[in-house]
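Chain naming here is simple, since letters A, B, ... match the order of the sequence lines and numbering starts at 1 in each.
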Amino acid sequence: MSAAQRLVYPVLGLLVIAAVWEGAIVVFGIPTFVLPSLPAIAKAIAADLPALLAGLRVTLYEAAVGYVLGGAVAIALALAFVLAPLLERAAMPIIVAVNSVPVVAYAPVALVALGMGSASKIAMVALAAGFAVFVNAMNGLKAIDPAAVNLMRSFGAGALRTVWILRLPAALPAIVSGLRVAIVRSIIIAIVAEMLGAYAGLGQMIYLATQQVDFLRVWAAIVVASVASMTLYGLFAWVDRRLVWWK
Amino acid sequence: MRFTALVTAALVAGAASLAGTASAAEAVSVRLKWVAQAQFAGFYVAKEKGFYAAEGLDVTVNPGGPNLNGETLVASGADQFALAGGIENLLASRGKGLPIVGIAMMLQRTPSAYVAFNDSGIRSPKDFKGKKVSTFFTGAHNTLYAVLSKFDVGAADVTVVPQAVSMAPFIDRQIDVATVMLFNELNVLKTRGVKDFTVFRAEDYGVSFPSDTVIVNEKLIAERPQTVQAFLNGSMRGWKYAAEHQEEAVDIVLKAASGLDRAHQLAMLAEYSKLMVADLGTEKGIGVLDMTKLGAVRQSLVDRKVLDAGVQVGSALAPRFWDAVPTQYKKP
Amino acid sequence: MSVPAGEPIIELAGISKTFGDRDGRVVAVDKVGLRIGRGEFVTLVGPSGCGKSTLFNIAAGLADPDPGGEIRFAGTRRAGRDLLGKVSFMPQRDLLLPWRRVIDNAILALEVEGMRRADARRKAGAMLPEFGLAGFERHYPHQLSGGMRQRVALIRTFLFERDLMLLDEPFGALDALTRTMMQRWLLDVWQRHRRSILFITHDIEEAIFLGDRVVVMTARPGRIKLDVPVALPRPRPAHVATSAEFLRIKTKLLDAIEEESMKSFMAAGA
Amino acid sequence: MAGRVLALQVGTIAACLVLWEALARGLGGPTAVMPPVSAVLLDVAANHQVLLRGVLRTLTETVLGFAAGAAFGFLAGAAFAESRLLERLLLPLLVVSQTVPVIAFGALVVIWFGNGILSKMVIAFYLTFFPVTVNTLRGLLSVDRQRIDLMRSFGASPWCLFWRLRLPFALPAIMASLLLGVSLSLVGAIVGEWFGDTVGLGIMLVQAMYAENLPRLWSVVMACGVLGAGLYGILAAVERRFVWWGREL
């Protein structure tokens, strides 16, 4: 199936939803503040574009820094645990305890502790993205055939070398799928944290627009956030197919 | 939507939270502008003490939150009443075509003020010039700009940043001037032991922006004016009782929203009552719509070009309901 | 040409291995003695679950035997783990790394040893034709047939140039035809490189066809039951399998194995 | 051995708590961001009834939203596995739906679903169904052709094929998504409470945050953790008990 053919169905689906949307507004006389019409949202996006892009830039910056930070720490930690099982056993209860708190519950703590600036959002994103990557990385690193590990050992390879040559590449698909899931989560968590308190960003725009009864702006910001998430996700999926080539 | 309403009804009925309420009473809801706290004591008191029931109403008090606003919910019909923001928010909503009307105004005076440390050299709002000032962009920013304009300080002359969550940036001196709600953040500063700072009250510079508007949908006024009257009667009675029995009122709030700090809530209610029973509120009664003040606020917004000159105070407010509230329910 | 004399490359004496703890102790290997001479090709057969693989892991240094036994490698006494990196080892499955090309799978051991990649690739590349893999160096494992994958695994083992090679049923998963081809080819390669080989199989004909000696292990606990020299001349043509000597050895081995199998069958039934 | 590991783990947790206590006491007064553990535990003790009420409320929302999300996710995944047309038409839209920051729709959710438990349930549902759909679909499609052919040679009907072969095959994947889903449901319930409520852990967090009551904030965070661990633990136990073949496939 060609790329164009693959696109036909989702586009068809989107058109149906758009038709239902517009139809509902007309038939039920839904007021703009409950469900604005699509052209009105498009117009709001066009009119507000510079501000929306400025907000998006802040949100993406926070999401990106937190994502890279969280991902890197998660992979490093997973590797350290594989290299030093004793460390893993000692630290696991702490990790489980931290992870069993739903990530949004940390948002108020992060805001009070790190302030309203980007630091609190970056910390939140790092935590959320980090756990998604960590769980997958651990699974990937541990799912390796013990016979393959034995083979490496018989060649005289140490733990470090086994990780580098065998475990890390073998765990790559799992790590990459963790990284992929973490992308959308990062942006959403950044927005959630911004909505609770921020100087800038899409989430802060949504919060202010909500409080100032500027519902078209709320919709505009949501559409921009969603499109940005989808674009990044699509981009990553594209890179992923090239990165894990041996499947 | 009808299906979801049905599901809601079934769930709510099942949840037993509403079980046992009088079936004859008319069910309405009021949306608060923030999470439950003593700022809204009057509504909780009216419900708890049966003031609403006496008016034939079964009122559900719905708290607000960071991603809600009462104006939209009342306009959409999700809630019948709301305690919304300042008059400027009401006017802005009307400018956007929301069919909402103000029927009472809880705070007769500007609830916000500004704080700066004594050693910062800031002696008056004139000195805000060139400083970093944080404020709430949900209405309080209008007050700030009005104060600054009294000292010929333009919006571009100060660095204004959004404020939320915590007073820590001010305490840590990351910002020079912070906005405080007299009934909330100011008290937070005191309980945290912060000293040696000066409070600049907007009110002292002739900037009087009444706040906390009780709003209702135009449609409800047209269709069931007696319901609007009943709600306002009960609410004003609740507020008068709350202002006069503050300990009891706070206990009622705590019962509804467990987990709040009692001392903080008491201080909040005390300060809130002062702003409520002030100026025309003292003279005429709690919740009065001070048309002179409100007109002045509108003018200052139009002057600053943040409000369309076509929006009029007259059509945004319906004082006749408050006027009809029995005097013993509102006069302190 | 038969059993080469001389000093053994590896000598196991009184080697035992017990698994489990108080609740369930399983003696996998019991006081095994085994010596493999330099350049000798020894095949090991036995019923399934006789501890062949355990013995094998001990010889490769992957598992420590119970205290009390002795392992001598090239004349010196060694603890189990010292053998890691001293013996070239080929597990049952090919265990090729799916993300590496054929050539890079072949050089895995060299890379671990620290050889520069380019040198290692040159060295492996030179061996590909001999292993029937010429022109396949840039393929990925999933593009190869089972026999080819097995040969890549064998190059990998051969390039890890050690005096002792341990091959654990390397042809077990191949079809009969491919397997015969691989056996003949392995003998060819072995005669040219002259490494000592310990080869595990459960196929008696394969064991006789390949080995200088066939060692039979008993069912659990694994002991050495029989050690039969194979006095067949090399190189061995395919029809050697019909020679009288071949059949004599086969009968002897079958009897021993049958007896063992019966014993374990009865034990399980009792 | 097992005893030594347990001792090690208990030891690390104890060490962390002691370190927390010491740092909090050493670095800041009662208003610092990190209140001493003892202050948090005192707050838990003093407010255990309130916390318990919050836990019960949030638990109810989570469980209802989770059940709805799991059921819908399973049905959608099964429908997609049956009809590729349906999958091509709708699955991309479900993917898109997951990029929408639903928290931004506070007012809409309240307008559409009211202010009761239903609106929180809807958010929890929204976050839960997607992973279940995807894993159900993948799991049901992961059965290899040969096993299906074998069953069909026995004369199995499509219905029988589904119950006897496809579903057991898909269960490990479905269980994995349920484990993720229950955590997401809890997130949904907490965020849903920010749409205006008086009871529940989510609203308690926001109240504590805006009041800058840090011991309270931490005690609610702890309650969230206990709830999260409990829900996950129950589901993991169900998995171990009933879907033990996960690793053999």
Chemist: Which answer fits A:Phe215, side chain, backbone, both or neither, if we ask what part of it has an atom under 4.5 Å from a heavy atom of chain B?
Modeler: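 When you check distances to chain B, only side chain atoms of A:Phe215 fall under 4.5 Å.
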Chemist: For the residue pair B:Leu107 and B:Phe183, establish whether any side-chain heavy-atom pair is separated by less than 4.5 Å.
Modeler: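 Yes, close enough: below the 4.5 Å cut-off.
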Chemist: According to the interplanar angle, ranging from 0 to 90°, do the rings of A:Phe131 and A:Phe134 count as parallel (below 30°), tilted (30 to 60°) or perpendicular (above 60°)?
Modeler: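 Correct class here is perpendicular.
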Chemist: Is any NZ, NE, NH1 or NH2 atom of the basic residue among B:Asp79 and B:Arg31 found under 4.0 Å from an Asp or Glu carboxylate oxygen of the other?
Modeler: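 Counted as a salt bridge, because a side-chain N and a carboxylate O are separated by less than 4.0 Å.
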Chemist: Can you tell me which portion of B:Ala92 sits under 4.5 Å from chain A's heavy atoms? Options are side chain, backbone, both or neither.
Modeler: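 Contact with chain A involves no heavy atom of B:Ala92 at all.
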Chemist: Can you find a pair of side-chain heavy atoms, one from A:Glu22 and one from A:Pro39, that are under 4.5 Å apart?
Modeler: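 Yes - at least one pair of side-chain heavy atoms lies under 4.5 Å apart.
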Chemist: Heavy atoms only, distances under 4.5 angstrom: which of B:Lys96, B:Lys33, B:Glu71 has the most pairs with chain A? Name it, please.
Modeler: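 Sorted descending by pairs with chain A, the first entry is B:Lys96.
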